[in-house]
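Here's the structure we're looking at; comments come further down.
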Protein chains: 2
Amino acid sequence: MKNIADIAKLAGVAKSTVSRYLNGGSVSEVTKRKIEDIITETGYMPNAFAQSLKAKKTNIIGIIVPQLDSYETSQTLIGIDQQLRALNYLMLVSHTNRNLEREIENIYTLAKQKVAGIILLATQITDRHVQAISEIDIPVLLVGQHHDEIHSLVHHDEEAGYAMGKYIIEQGHRRLAFLGVSETDIAVGVKRKEGFKRATRDVNNCEVRYFETKANMREVAANALDIFNDFFPSALICATDEIAIGAVKAAYTKGMHVPANLSVTGFGGYEITAMMHPALTTVQFYFIEAGKKAADHIVQLVNGQDIPMLTYSNFEIIARESVDKRFAPS
Amino acid sequence: MKNIADIAKLAGVAKSTVSRYLNGGSVSEVTKRKIEDIITETGYMPNAFAQSLKAKKTNIIGIIVPQLDSYETSQTLIGIDQQLRALNYLMLVSHTNRNLEREIENIYTLAKQKVAGIILLATQITDRHVQAISEIDIPVLLVGQHHDEIHSLVHHDEEAGYAMGKYIIEQGHRRLAFLGVSETDIAVGVKRKEGFKRATRDVNNCEVRYFETKANMREVAANALDIFNDFFPSALICATDEIAIGAVKAAYTKGMHVPANLSVTGFGGYEITAMMHPALTTVQFYFIEAGKKAADHIVQLVNGQDIPMLTYSNFEIIARESVDKRFAPS
DNA sequence: CTGAAAGCGCTTACAG
DNA sequence: CTGAAAGCGCTTACAG
């Protein structure tokens with residue numbers, strides 16, 4: 001492997017001239033061509049460490065993900081990667097397997113690797129997160145959760161919950177079960193539920209009950225429909241598509257028909273929800289767009305530019321087959 | 001941010017002593033403690049570039065993935081990340097969006113970043129891949145596809161195809177449609193089909209027809225069942241779970257019942273296949289295991305150790321509800 | 001437009 | 001066990 005000194009010697013110029021050529025500094029046409037020839041000839045590639053060591057910055061953005069095998073994560077990463085590439089950055093991905101301890105650890109590890117910035121696909125922000133983030137002195141962007149002191153990009157969970165509530169009410173349903181997740185997850189466990197509450201609380205003759213489950217389709221499929229006891233909702237609003245998929249499975253297993261016996265909805269807009277039978281009514285979030293925006297934001301932060309502390313990503317209700325129209329009592 | 005010189009000064013020793021402490025060289029107990037104190041006090045972290053520049057190696061493994069949003073990729077990455085972490089390596093992920101051009105480009109980019117090794121989640125290996133890989137002088141491991149000149153880790157696609165063929169025949173099916181993908185994908189498009197052929201070709205009174213589709217559930221759902229024309233198979237063997245999911249949807253859309261009117265099978269063992277209605281009979285590959293093994297292998301290659309050029313990962317047939325038992329003509 | 005020199009923050013023989 | 005010095009491969013003022 002050749003280094004810049006070799007190239008300089010072969011081209012008959014100084015190292016600094018080669019460096020200038022590489023970085024778009026002013027170099028005469030003749031010199032430029034000479035260097036160019038040598039570089040293509042030798043296949044020379046500058047050593048990224050030496051560059052980074054000297055320039056004190058890297059073109060790597062670290063991404064911390066709690067869960068690699070979810071549609072949401074994949075789509076968000078695709079968006080991030082795409083925009084990062086356009087901005088000439090690379091993506092160092094670190095998987096935490098939903099382990100908060102490991103999340104904190106990774107913040108320090110990435111800092112040590114001198115990444116230019118960090119995007120944290122967050123599920124829960126603890127004080128230790130905040131402390132780690134403040135210690136490392138590297139820009140950090142939260143995606144999916146919001147914290148007052150850290151730049152955040154979130155989906156419009158509360159509004160989405162509200163829209164879903166409105167929709168279900170409009171379809172005439174009045175006995176509703178909301179199947180949510182732990183409130184430690186503010187975005188999914190609290191915001192979506194709150195929005196739903198806001199949409200349904202002033203509706204006449206409407207009974208809503210709230211339940212909690214693990215956000216894992218297998219467990220939901222196995223247990224979800226047993227938690228209602230003697231309550232028989234006409235519609236089941238699930239806080240994620242995964243939960244909804246499990247719930248539909250559970251319904252079939254019990255011999256119930258969706259939506260004839262039970263309407264089911266999700267949140268997310270996972271591709272698979274269009275393939276289900278019946279196709280799932282859900283909230284479409286725009287993960288790829290959010291990922292791109294996240295990449296834009298972290299790079300702006302890296303460059304010292306100013307961005308809003310909190311940004312919302314859009315959503316849309318996708319009405320499909322899993323919700324029945326009922327005649328509501330007036 | 002402090003550097004090694006600051007630490008040395010504060011501890012009253014030479015930089016080389018601090019370096020030795022950091023790298024586990026021989027340092028007296030007293031000195032060790034002094035340095036330790038200063039480091040925890042200052043929160044000092046060595047600059048990874050300077051380390052890498054000098055030591056001429058990094059702890060980063062580059063991963064090139066064609067498609068981030070597939071169960072297979074996610075699971076494989078989880079396995080890779082997990083084992084890489086155990087071996088003290090980090091994972092630089094680069095997404096190519098199934099663009100071969102970008103795949104080649106990424107090989108060079110990662111080489112420039114001086115990653116210690118590269119894992120390529122491959123779909124197709126062209127001459128240009130081979131050339132790029134030979135040029136960069138960094139160990140490369142192929143996962144999912146096999147090439148004679150490059151270390152490869154593959155699923156046992158041919159055997160899996162064979163096992164699926166045997167299984168379908170055992171269930172009494174004799175009018176079979178195999179819905180495969182382009183032969184440019186050797187593992188999925190050629191090997192699985194060949195295995196299936198081997199299992200079915202000597203069976204009496206058995207008619208098998210081969211079709212090709214895009215490996216995308218939406219397209220399959222829209223078109224898959226129209227390509228048979230006047231051929232009415234009792235079983236449809238799909239080369240991937242995605243295709244099978246699309247095919248089941250297509251069947252429902254046409255008012256057919258699975259498996260009563262048409263049995264359907266997949267390959268992969270995606271989590272969602274257990275949640276479908278009916279649950280899908282498929283081949284389970286062990287992606288996480290494969291990922292871990294891939295991580296082991298690339299690190300062994302990085303360390304100059306010898307590993308076999310070709311390694312197979314296991315599989316298993318998962319018999320579920322999407323295949324009917326028929327009485328075969330004898 | 002070009003070159004010589006210093007320095008980024010480490011590690012590694014080498015000498016003691 | 002410890003330290004002084006050289007060097008990894010770049011970039012960046014600075015001077016010309």
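Just so we're on the same page: letters track the sequence lines, and every chain starts at 1. For clarity, every value in this text was computed on a predicted model and none was experimentally measured.
- A sub-4.0 Å separation between OP1 or OP2 of C/dT11 and a side-chain N or O of B/N23 is present.
- For A/R20, taking side-chain heavy atoms from C-beta onward, the closest of the listed nucleotides C/dC8, D/dG3, C/dG3 is C/dG3.
- Position along DNA chain D of the nearest nucleotide to A/N3 versus A/S16 favours A/N3 as the more 5'-ward residue.
- OP1 or OP2 of D/dG3 sits under 4.0 Å from a side-chain N or O of B/T17.
- Regarding contacts with the backbone of C/dG9, every side-chain N or O of B/Q51 stays at 4.0 angstrom or more from both OP1 and OP2.
- Checking B/I298, B/V302, B/V115 one by one against B/Y89, the side-chain contact (heavy atoms from CB on, under 4.5 Å) holds for a single residue, B/V302.
- Distances shorter than 4.0 Å separate some side-chain N or O of B/Y44 from OP1 or OP2 on C/dC10.
- B/S26 has a side-chain polar atom (N or O) that falls below the 4.0 Å cut-off from OP1 or OP2 of D/dC1.
- As judged by a 4.0 angstrom heavy-atom cut-off over every strand, A/S28 is placed among residues touching the sugar-phosphate backbone only.
- The side chain of B/S19 lies closest to C/dT11, out of C/dG3, C/dT11, D/dC8.
- At a threshold of 4.0 angstrom between heavy atoms, the contacts of A/T31 are confined to the sugar-phosphate backbone, with no base atom among them.
- Residue side chain A/K54 does not reach the base of D/dG9 through any donor-acceptor N/O pair under 3.5 Å, judged by distance alone.
- For B/M91 against B/L84, the heavy-atom pair with the smallest separation is CB-CD2, 4.2 Å.
- Ion pair B/E36/B/R33 not flagged as a salt bridge, since none of the NZ, NE, NH1 or NH2 atoms sits closer than 4.0 Å to an Asp/Glu carboxylate oxygen.
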